[in-house]
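Okay, so here's the structure we're looking at.
Just so you know, these numbers come straight off a predicted model, no measurement behind them. A note on names: the letters A, B, ... follow the listed sequences, proteins ahead of strands, and every chain is numbered from 1.
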Amino acid sequence: MKQDTVEIIRNALKGLKNRWGTEALPRIEVEIPRNGSMGDIATTVAMRLTKSLRKPPREIAAEIVEKIKEQQPDMFESVETAGPGFINFRFSREFLLKSLAGLLQKGRHALRTDTGKGRRIQVEFVSANPTGPLHVGHGRGAAVGDALCNILKAAGFDVQKEFYINDAGLQVRLLGESVFARYRQLTGNNVPFPEDGYRGAYIESIAKEIHDRYGDRYREETFEECGEFFTGYAYRMMLAAIEKDLRDFGVVFDRWQSERELYSQGKVKEALDELRSKGLLYEKDGATWFRSSRFGDDKDRVVIKQDGEYTYFASDISYHRYKLQRGFDTIIDIWGADHHGYVPRIRSVLEAFDLPPDKFRVILIQMVSLLRHGEPVQMSKRAGEFITLREVMDEVGADITRFIFLTRRADSHLDFDIDIAKEQSAENPVFYVQYAFARISSLFRQASERGLGSGDTETGEADLTLLSENEEISIIKKLFQYIMVLEGAAHSCEPHRITYYLQELAGMFHAYYYKHRIISGDDKLSRARLCLCRGVHIVLEDGLGLIGVSAPERM
RNA sequence: GCGCCUGUAGCUCAGCAGGAUAGAGCAACUGACUUCUAAUCAGUGGGUCGGGGGUUCGAAUCCUCCCAGGCGCGCCA
């Protein structure tokens, strides 16, 4: 619908090119007017041309309108200039009804777009340290990342979802040490608990599991002797727990990349060698530095420390180089907002490896504050006291949690009130949308009992021209805005736009349902209206699918 | 000190890639259930878009300065 409109405008502009004597045509942008009475879709192209043509925008708009009318597009009922130089289009009823019929025939396939053109995108998200359970912040990252990937796929991109496992550093060793210390307590042969060790209860349960299985076998050994066992055991358990939490949250990754593997496969050394050959590494004060300042970073960064150890940044360099080697056109990293200082650094790396700057995007996820009865829940990571994603999921449910995570832009703070989330009330927008879907499902059940079909064109054989109420036409228009919203969400990497759209569509449906009877004594009209309901049903289901929320048949 | 993010209705937030008269939900108030699911609907009030300057045909949106809040500024991970 958008594409068709743009095409018609482009044709008109081409037709006017000679008269205007211009070479390049401007980008044709269409938008949905704020006020529906202005039109269904509008373009500002005339105003954009005013500078190069040195003519008043209204005059240009009038010329374009005239040219468009020469094409006699049956899509539109009217095309007119308005305001400072807008061109407003109003879709014809025939076109809208034909589009609805198309949607019913093709189903969700009609809702795909190909702005991605199969380009390959890699999205890395969550990437939590495997040293403890996922917390709510990770959950938000997971919800945003997963929804974004669904959206990008629906927009025609070839997407890979990846989780990067920081399994090489000190943190994982510290996890092993913490478990070891707890284990020793169980054997009655205490060792000091590591400073900065992990103190959560999950550490104790891992220690207990080891003790249950192996008894006092490691009672007398030092951590140097059996640390590998403890670290490996604890790490595998944590990773398995993380994977399970994510799966239960509805998030499944295509690939898990281990940091340690980057080392063992020599990729870190390779990456640094390449930088060195490009003259981007140098030695100073006994350390090796990367010239990130050459690419806009504040200062150069150390990659190999004085003691000969690699920094965390070194493996990150190799990781991002490896992403590029795997042939992705675009790299998207989703991080907690507290890591924003890292952006220029990684950007430098990708530029050093010749990725154009616009092919790398970072989405920063702002903090989630958990509330209960409006009061903040105290959390202390050091003491291991924090609410996990698992707890929230178990208490309020995955659907609600995911939806709420997507009711805000990723980069704005989110207050998550557990009590309000649990309440099945009007305060809870999830139900509002799901209820619209369930309501329609219920209509279909009743319709089929009465032999009316359920709005499928095959069984319905409905006469769509019976759809003549204002609300009906408005809903049809809204259905076809879905694709524009999808494209916008993909372009801007903002999944929350889908969430807002769904609330609007659900709202329009609820109002329509209340005002007009769907299944009435008039079978023909009932069939037509069921078709409209089917359209809404399809779009709601698709949109909920994108944000990873279920579409229940009953509530 | 430097950098990034945020500041829009009483509250929580949208506002799409500069566009037309700045929106929604909640709260408040007034109404609607013998009805296809009231987890719903109709209506009312509510704004100096943090502030100043600039760019332009046009700014909540872009630039700049200031104010307020948050987060970062390691040879930690």
Side-chain angles (χ1 to χ4, degrees), chain A residues 27 29 31-35 38 42-44 47-48 50-51 56-58 82-86 88 129 131 166 168-172 174 196 259 284-289 298-299 301-313 315-316 336-344 364 366-367 407-409 411-415 417 420 423-436 438-447 450 484-485 487-489 491-492 494 496-497 499-501 503-504 506-507 509-520 526 529-530 533 554-555:
Chain A
R27 237 185 96 79
E29 295 188 12
E31 59 187 42
I32 295 162
R34 191 167 32 226
N35 190 335
M38 297 167 181
T43 181
T44 58
M47 290 180 276
R48 284 172 205 289
T50 177
K51 198 164 283 172
R58 296 196 58 127
F86 288 92
N88 289 336
N129 278 343
T131 53
N166 297 127
L170 231 64
Q171 298 304 313
V172 174
L174 206 53
D196 300 325
E259 180 186 7
K284 192 182 87 184
D285 305 332
T288 305
W289 301 67
D298 298 345
K299 52 183 170 184
R301 307 289 171 176
V302 171
V303 291
I304 302 175
K305 296 185 268 181
Q306 266 182 349
D307 63 7
E309 294 282 319
Y310 290 106
T311 61
Y312 179 81
F313 183 44
S315 52
D316 246 14
D338 52 340
H339 290 79
H340 68 259
Y342 222 69
V343 177
L364 298 170
Q366 266 299 347
M367 237 175 47
T407 52
R408 225 127 289 184
R409 284 207 333 261
D411 58 3
S412 72
H413 285 261
L414 172 63
D415 285 335
D417 193 308
I420 292 177
E423 258 175 48
Q424 311 213 335
S425 73
E427 286 216 43
N428 206 325
V430 197
F431 298 116
Y432 187 80
V433 176
Q434 288 184 320
Y435 184 51
R439 246 185 175 171
I440 296 172
S441 305
S442 167
L443 287 170
F444 291 160
R445 286 191 293 271
Q446 295 185 41
R450 291 196 26 194
M484 287 178 73
V485 174
E487 283 177 1
H491 175 267
S492 61
E494 292 180 343
H496 74 275
R497 293 193 196 183
T499 316
Y500 277 87
Y501 170 86
Q503 292 182 73
E504 289 161 15
F509 174 75
H510 284 309
Y512 170 59
Y513 174 92
Y514 197 83
K515 190 166 170 190
H516 301 287
R517 196 161 174 93
I518 312 297
I519 300 175
S520 61
S526 302
R529 289 185 167 169
L530 285 163
C533 291
R554 295 169 202 273
M555 285 174 75

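- Remark on RNA chain B: of its neighbouring residues Ile518(A) and Gln366(A), the 5'-side contact belongs to Gln366(A), judged by nearest-heavy-atom nucleotide.
- Distances shown here put every side-chain N or O of Arg48(A) at or beyond 4.0 Å from the OP1 or OP2 atom of G58(B).
- In this structure, A27(B) makes no Watson-Crick or G-U wobble pair, since no nucleotide meets both defining distances under 3.5 angstrom.
- We find that the ring of His496(A) and the base of A14(B) do not stack by the test of centres under 5.5 angstrom and planes tilted less than 30°.
- The residue Ala438(A) sits close to a base: some heavy atom pair falls under 4.0 Å.
- Taking a pair to require two hydrogen-bonding distances under 3.5 Å in either a Watson-Crick or a G-U wobble arrangement, U21(B) remains unpaired.
- Between Arg48(A) and Glu29(A) the shortest side-chain heavy-atom distance falls below 4.5 Å.
- Comparing atom distances between the Tyr500(A) side chain and each of A39(B), A42(B), C13(B) picks out C13(B) as nearest.
- Comparing C36(B), C13(B), A20(B) by their closest approach to the side chain of Arg517(A) singles out C36(B).
- Counting heavy atoms from C-beta on, the side chains of Phe313(A) and Val302(A) never come closer than 4.5 Å.
- Looking at Leu174(A) and Thr131(A), their side chains never come closer than 4.5 Å, going by heavy atoms from C-beta outward.
- The residue His340(A) sits close to a base: some heavy atom pair falls under 4.0 Å.
- Taking only side-chain nitrogens and oxygens, Arg497(A) comes nearer than 4.0 Å to OP1 or OP2 of A17(B).
- Using a 4.5 Å heavy-atom cutoff, the side chains of Asn166(A) and Gln171(A) are not in contact.
- Remark: C2(B) base-pairs with G72(B); criterion is Watson-Crick or G-U wobble with both hydrogen-bond distances under 3.5 Å.
- Without hydrogens or angle criteria, Ser315(A) side chain to Tyr312(A) main chain gives a donor-acceptor distance under 3.5 Å.
- Between Tyr500(A) and His496(A), the two ring planes are perpendicular [angle over 60°; tilted spans 30° to 60°].
- For Arg34(A) and A59(B), the CZ to P distance is 13 Å, given to the nearest whole Å.
- Remark: U55(B) base-pairs with no nucleotide in the shown strands. Criterion, Watson-Crick or G-U wobble with two distances under 3.5 Å.
- Look at the P atom in both G15(B) and A9(B): the space between them is 15 Å, to the nearest Å.
- In this structure, U35(B) makes no Watson-Crick or G-U wobble pair, since no nucleotide meets both defining distances under 3.5 angstrom.
- Within the 3.5 Å criterion, the main-chain N or O of Val303(A) finds no donor-acceptor partner in the side chain of Tyr310(A).
- Residue Ser412(A) is classed as a sugar-phosphate contact, given heavy-atom separations below 4.0 Å to backbone atoms only.
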Detail all sub-3.5 Å separations between protein N/O atoms and N/O atoms belonging to nucleotides 73-77 of chain B.
residue: C75(B); atom: O2; partner: Gln306(A); partner atom: N; Å: 2.8
residue: C75(B); atom: N4; partner: Asp285(A); partner atom: O; Å: 3.2
residue: C76(B); atom: OP2; partner: Lys305(A); partner atom: NZ; Å: 3.0
residue: A77(B); atom: OP1; partner: Lys305(A); partner atom: NZ; Å: 3.4
residue: A77(B); atom: OP2; partner: Tyr312(A); partner atom: N; Å: 3.3

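- Summarising the base pairing, G47(B) is matched to no nucleotide, lacking a Watson-Crick or G-U wobble pair whose two defining distances lie under 3.5 Å.
- For C13(B), neither phosphate oxygen OP1 nor OP2 lies less than 4.0 angstrom from any side-chain nitrogen or oxygen of Thr499(A).
- Judged by distance alone, with hydrogens and angles left aside, Tyr514(A) brings a side-chain donor or acceptor within reach of the base of A32(B), the pair sitting under 3.5 Å.
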Under 4.0 Å protein heavy-atom contact, by nucleotide of nucleotides 43-50 of chain B - B base, S sugar-phosphate only: --------

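- A side-chain donor-acceptor contact under 3.5 Å links Arg497(A) and Ser492(A).
- Side chain of His340(A) to backbone of Ala337(A): a donor-acceptor contact under 3.5 angstrom is found.
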Reading 5' to 3' through nucleotides 7-12 of chain B, protein heavy-atom contacts under 4.0 Å coded B for base, S for sugar-phosphate only, - for none: -----S

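- The number of heavy atoms from other shown groups lying within 6.0 Å of CZ (Arg450(A)) is above 12.
- Both distances falling under 3.5 Å, in either a Watson-Crick or a G-U wobble arrangement, occur for no nucleotide opposite A14(B).
- For Ala42(A), the listed nucleotide lying nearest its side chain is A20(B); candidates were U40(B), A20(B), C36(B).
- Residue whose closest nucleotide on RNA chain B sits further toward the 5' end, between Leu364(A) and Glu494(A): Leu364(A).
- Proximity of Tyr513(A) to the phosphate of A42(B): no side-chain N or O atom is located under 4.0 Å from OP1 or OP2.
- Annotation for Lys515(A): atom NZ does not count as buried by contact number, only 12 or fewer foreign heavy atoms lying within 6.0 Å.
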